[in-house]
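Let me begin by presenting the structure, written as structure tokens, before commenting on it.
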Amino acid sequence: MSKDRAKKIPTPQPVRGTQDMLGDFADRFQHVVDTFDRVRRLYGFKRVEVPVIEPTAVFARSLGETTDVVSKEMYSFEDRGGESITLRPEFTAGIARAYISNGWQQFAPLKVATHGPLFRYERPQKGRYRQFHQLDAEVLGSDSPLADAELLVLADQLLKELGIAEGVTLTLNTLGDAESREAWRAALVEHFTVHRGELSEDSLARLDKNPLRILDSKDPRDRPIADSAPDIDAFLTGAAQDFFGAVTAGLDAAGVAWERNARLVRGLDYYRHTAFEFVTDRLGAQGTVLGGGRYDGLIEALGGPPTAAVGWAAGIERLAMLLADNAVDTRLDAVIAVEDDAMFDLAMRGLRLLRDNRVSADIVATGSPRKRFDKAAKIGARALISISLRDGAPFTNAKTDGSEAAARAEALFRSIG
RNA sequence: GCGAUCGUAGCUCAGUUGGUUAGAGCACCGGUUUGUGGUACCGGGGGUCGUGGGUUCAAGUCCCAUCGGUCGCCCCA
């Protein structure tokens with residue numbers, strides 16, 4: 001350690017919006033992933049892996065007209081060959097591309113699930129990072145409302161098994177088929193145009209770029225106009241009505257609670273029919289915990305055959321933040337305090353024996369011998385085993401929390417004599 | 001891109017209307033006359049107060065700039 005500041009090497013700063021995780025939060029993160037992996041198997045969803053990097057066109061084309069997102073929110077760069085590459089900002093487009101590239105039509109309807117890091121060039125805030133992580137589930141090649149319902153039942157079960165279903169609400173809407181959607185959109189534009197004098201500046205801009213988005217504006221000036229805007233219901237075709245009815249009937253039959261939110265919309269044109277979000281008020285401004293919908297137009301927009309598909313994604317960080325404090329138990333079964341260095345070999349034999357028998361254990365054998373007991377106690381294992389030399393003979397003492405695991409650890413350790 | 005707020009020890013934070021050598025807890029290291037206890041007690045090391053300017057007899061404290069963090073807006077695939 002040099003005290004010469006002139007020679008001090010400056011530590012590179014982490015990239016904005018990235019995070020390092022240690023211990024508890026990393027364990028909670030992994031618990032979410034493990035639970036998802038277990039539940040998705042129950043529903044017969046296959047594991048799928050797609051690249052973190054794709055040609056920019058994969059996302060630019062799927063996102064279509066929303067130039068703001070493409071130009072400002074994507075992590076894009078040129079590789080050495082001059083090709084524009086983008087770090088995936090979502091799973092869906094990459095999976096759709098893979099579906100086409102590999103001819104997975106042959107497996108339709110295909111139920112797949114994945115999870116991993118995603119990247120968006122955004123200003124970080126609570127529950128929102130530049131590198132973040134999602135769970136993802138998709139059903140490709142099915143135009144059945146049963147697929148929508150099954151995905152929602154899967155989501156519902158996931159949240160219940162994570163123990164966070166309390167305080168999280170499934171909100172549901174339909175965007176109808178292409179015909180319904182166009183009619184509704186035209187009616188909304190007309191409604192907002194009539195009231196354009198009362199809209200916020202932001203919503204005036206939305207009126208040109210993305211009129212549906214005015215419906216979920218947070219600006220109080222917009223609320224009366226948004227709330228009095230027509231619902232899509234009057235514009236739904238018979239087929240679109242039937243589709244939505246079948247989805248909700250499926251949810252009811254499976255015992256999934258839901259609420260209609262006629263203001264829930266999607267900005268992108270390829271969305272059809274079902275749109276949904278599981279929301280909570282426990283995460284500040286970023287209240288969506290899991291969201292998705294039907295995107296029957298996407299695969300075609302990527303140059304594939306017309307293919308119906310539906311899916312959702314959920315933020316792992318956000319789910320991990322909602323877990324109860326005691327959701328993940330990382331306590332060790334045993335910790336061994338070596339209070340005399342002459343006992344080190346004995347302690348190591350015991351440690352190995354415990355671990356061989358699936359008993360999690362650690363050892364404290366460094367620093368001042370008389371402090372090792374305290375150090376070990378602070379680790380908070382189920383059993384605290386101390387080993388010292390007393391009257392020239394090894395002496396083992398154990399304090400346990402009364403649990404079976406602790407008793408087993410003590411018995412095993414004492415068995416080495 | 002915009003706004004608010006915060007940057008003091010490895011970590012979490014005190015630090016009064018500007019006024020001596022900048023403090024605490026945790027962590028780390030050492031000590032506390034062989035002990036079924038000791039998650040304790042005592043001591044020690046560690047800080048050019050984010051960085052750069054400015055105001056002042058005097059700046060952690062006030063002003064400006066800059067770089068970061070946090071929260072919100074825009075956007076949200």
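In what follows, chains carry the letters A, B, and so on, assigned in the order in which the sequence lines appear, proteins first and then strands, with residues in each chain numbered from 1. Any value given below was found using the heavy atoms of this structure, including those in side chains, with hydrogens, waters and symmetry copies removed.
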Mind checking side-chain contact (heavy atoms from CB on, under 4.5 Å) for [X] and listing every partner two or more places apart, or none if nothing turns up?
| X | result |
| --- | --- |
| A:R61 | A:A57, A:L302 |
| A:A262 | A:D231, A:R260 |
| A:E259 | A:T169 |
| A:E277 | A:T171, A:L264, A:R266, A:V279, A:T288 |

Which residue pairs pass the salt bridge (Lys or Arg N to Asp or Glu O under 4.0 Å) test with at least one member in residues 127-144 of chain A, sequence neighbours excluded? A:E122-A:R128
Salt bridge (Lys or Arg N to Asp or Glu O under 4.0 Å) partners of residues 289-301 of chain A, not counting sequence neighbours, each pair once: A:D148-A:R294, A:R294-A:D296
Base versus backbone protein contacts along nucleotides 2-10 of chain B [heavy-atom cut-off under 4.0 Å; B, S, -]: B--------
As a check on the pairing definition, encode RNA chain B in dot-bracket form, counting Watson-Crick and G-U wobble pairs whose two distances are under 3.5 Å, and using | for partners outside this strand. (((((((..((((.....[...)))).(((((.......))))).....(((((..]....))))))))))))....
For the residue pair A:L323 and A:R28, what are the closest heavy atoms and their distance? O-NH2, 2.6 Å
Any carboxylate oxygen within less than 4.0 angstrom of a Lys/Arg side-chain nitrogen, looking at A:E404 and A:R408? no
Taking only residues two or more places apart in sequence, or in another chain, which ones meet A:D24 in a salt bridge (Lys or Arg N to Asp or Glu O under 4.0 Å)? none
Answer yes or no: side-chain N or O of A:R128 and base N or O of B:rC75 forming a donor-acceptor pair under 3.5 Å. yes
Under 3.5 Å, is there any donor-acceptor pair linking the side chain of A:E339 to the base of B:rG37? yes
Applying ring pair (Phe, Tyr, Trp, His ring centres under 6.0 Å), which residue pairs with at least one partner in residues 291-310 of chain A are found, sequence neighbours left out? none
Want to settle it: does A:S386 or A:Y271 sit nearer the 5' end of RNA chain B, counting the closest nucleotide to each? A:S386
The residue, A:G127 or A:P369, whose nearest nucleotide of RNA chain B is more 5′ is A:P369
Between B:rG15 and B:rU8, how far apart are the two P atoms, rounded to whole Å? 13 Å
Gap in Å between the two C1' atoms, one belonging to B:rA14 and one to B:rG60, rounded: 12 Å
Please determine if a side-chain N or O atom of [X] lies less than 4.0 Å away from the OP1 or OP2 oxygen of [N].
| X | N | result |
| --- | --- | --- |
| A:R213 | B:rC76 | yes |
| A:N397 | B:rG35 | no |
| A:Q125 | B:rC71 | no |
| A:R88 | B:rA77 | no |

So what does A:R372 hit on the nucleic acid, given a heavy-atom distance under 4.0 Å: a base, only sugar-phosphate, or nothing? nothing
Looking for any heavy atom pair under 4.0 Å, which part of the strands does A:G284 touch: base, sugar-phosphate only, or nothing? sugar-phosphate
Below 3.5 Å between N/O atoms, which protein atoms pair up with nucleotides 39-44 of chain B? Just atom names and distances, please.
residue, atom, partner, partner atom, Å
B:rA40, N7, A:D374, OD2, 3.0

Step through it carefully: locate the ring centre of A:F244, locate the ring centre of A:H273, and say whether they are under 6.0 Å apart. no
Side chain to side chain donor-acceptor pair (under 3.5 Å) partners of A:T193, counting only residues at least two apart: none
